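Since the structure comes first, as structure tokens, the remarks are kept for the end.
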Amino acid sequence: GSKMIITIDGPVNSGKSTIARMLAQKRGLFYINSGLLFRALAYVLTEICKIPLEQLVTLTHDQILKCFDLSRLEYMYQGNSESVLYDRNNISWHLKSQAIDHAASLIATNGDVREILLKLERSLAQLHDVVIDGRDTGSVVFPHADYKFFLTAAPEIRAKRWQRSQEKKGNRLPLDIALKEVNRRDERDKTRLVAPLIEPADAINIDSSDKSMDEVVKVIEGFLS
Ligand code: DC
């Protein structure tokens with residue numbers, strides 16, 4: 001369609017969702033948090049259908065759809081925050097746990113999962129001008145996006161951000177553990193066979209290590225006409 005699409009990809013805790021939300025608010029865009037969709041599907045598979053972790057990577061299209069029905073899922077972006085309903089229940093609260101971090105990163109390696117979520121992402125973008133963030137939104141989901149950004153930050157900085165977000169939930173962990181976890185998820189994102197985390201050649205790279213979130217948004221806005 002003729003709607004505007006802005007993609008923001010990058011590794012774990014590079015600040016994508018914060019930046020995307022700020023941009024959405026400033027510019028009146030609909031924000032699609034694609035990671036939250038992976039998390040929602042991971043939740044439905046593991047918590048509702050009780051599928052064991054070791055099966056997530058190899059689940060087939062039919063097996064996925066036996067458990068998960070797209071028409072039961074609703075993604076909302078309202079009041080500058082996003083949520084996911086499943087069977088009209090708001091499941092958003094459950095999606096940021098360490099267990100779902102893990103399950104989501106496992107299903108993200110499954111090509112059949114990615115195919116199902118790709119369709120959902122494209123259909124969500126049909127009605128509005130959108131900003132979408134994730135790992136492959138500029139490379140695979142919207143290769144013809146109007147603007148593509150790739151956000152990075154030093155691993156130590158991303159580990160500190162993750163440590164802080166976990167601490168807010170009462171989960172205190174040492175920095176070296178946080179760094180290990182960030183590296184582990186980076187590795188898995190980059191080395192998977194299907195839609196690995198890559199920087200699209202036509203993306204604008206922004207390193208947020210030494211920038212505030214406001215500064216990053218200003219840099220992005222400088223590119224938008
Ligand atoms: O950004 P996040 O941590 O909420 O993403 C959750 C998981 O989903 C993470 O393991 C990476 C994966 N993901 C993906 O593979 N592709 C996307 N477009 C978004 C997320």
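Small disclaimer: the values here were computed from a predicted structure and weren't measured. Note that the numbering runs from 1 along the sequence shown for the chain. Start at 1 and go down the list; that is how both ligands and their atoms are numbered.
Using a 4.0 angstrom heavy-atom cutoff, R192 counts as in contact with ligand 1.
Checking side-chain atoms of Q166 against main-chain N and O of R172 turns up no donor-acceptor pair under 3.5 Å. Side-chain atoms of D133 come within 3.5 Å of backbone atoms of S17 as a donor-acceptor pair (strictly under, hydrogens ignored).
Considering backbone and side-chain atoms alike, E121 places every N or O at 3.5 Å or more from each N or O of ligand 1.
None of D9, D202, T137, N205 except one satisfies the side-chain hydrogen bond (donor to acceptor under 3.5 Å, both in side chains) rule with K148; the exception is D202.
Atom 8 (O) of ligand 1 has F38 CB, 3.5 Å as its closest protein atom, hydrogens excluded (heavy atom only). The protein atom (non-hydrogen) at minimum distance from atom 4 (O) of ligand 1 is R39 NE, 2.7 Å. Of all protein heavy atoms, the one closest to atom 19 (C) of ligand 1 is S34 OG, 3.3 Å. Protein heavy atom closest to atom 5 (O) of ligand 1, with residue, atom name and distance, is G35 CA, 3.5 Å. Ranking protein heavy atoms by distance to atom 7 (C) of ligand 1, first place goes to A104 CB, 3.8 Å. Remark: minimum distance from atom 1 (O) of ligand 1 to any protein heavy atom is reached at R135 NH1, 3.0 Å.
Short contacts between ligand 1 and G134, defined as distances under 4.0 Å to a heavy atom of the residue, involve ligand atoms 17 (C), 18 (N), 19 (C). Interface atoms of ligand 1 facing A108, defined by a heavy-atom separation under 4.0 Å, are 12 (C), 15 (O). Near S105, with a cut-off below 4.0 Å to any heavy atom, the atoms of ligand 1 are 10 (O).
At a heavy-atom cutoff of 4.0 Å, ligand 1 is contacted by the side chain of D189 but not by its backbone.
Relative to atom 16 (N) of ligand 1, the option among K16, R185, R114, H102 with the closest non-hydrogen atom is R114.
Taking a cutoff of 4.0 Å between a charged side-chain nitrogen and a carboxylate oxygen, D186 and R158 qualify as a salt bridge. At a threshold of 4.0 Å, the pair D101-K96 does not count as salt-bridged, since none of the basic side-chain nitrogens sits closer than that to a carboxylate oxygen.
No donor-acceptor contact under 3.5 angstrom links the side chains of T60 and D62, judged on distance only.
A perpendicular orientation is assigned to the rings of F30 and Y75, their planes being inclined by more than 60° (bins at 30° and 60°).
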(request) May I have the step-by-step check of salt bridge (Lys or Arg N to Asp or Glu O under 4.0 Å) for E221 and K218, ending in yes or no? (result) CA-CA 5 Å; E221 285 195 288; K218 286 219 180 78; over 6 Å; no
(request) Decide salt bridge (Lys or Arg N to Asp or Glu O under 4.0 Å) for R135 and D189; before the verdict, give the C-alpha distance in whole Å, the side-chain angles of both, and the deciding distance to 0.1 Å. (result) CA-CA 8 Å; R135 304 294 187 286; D189 277 342; 2.7 Å; yes
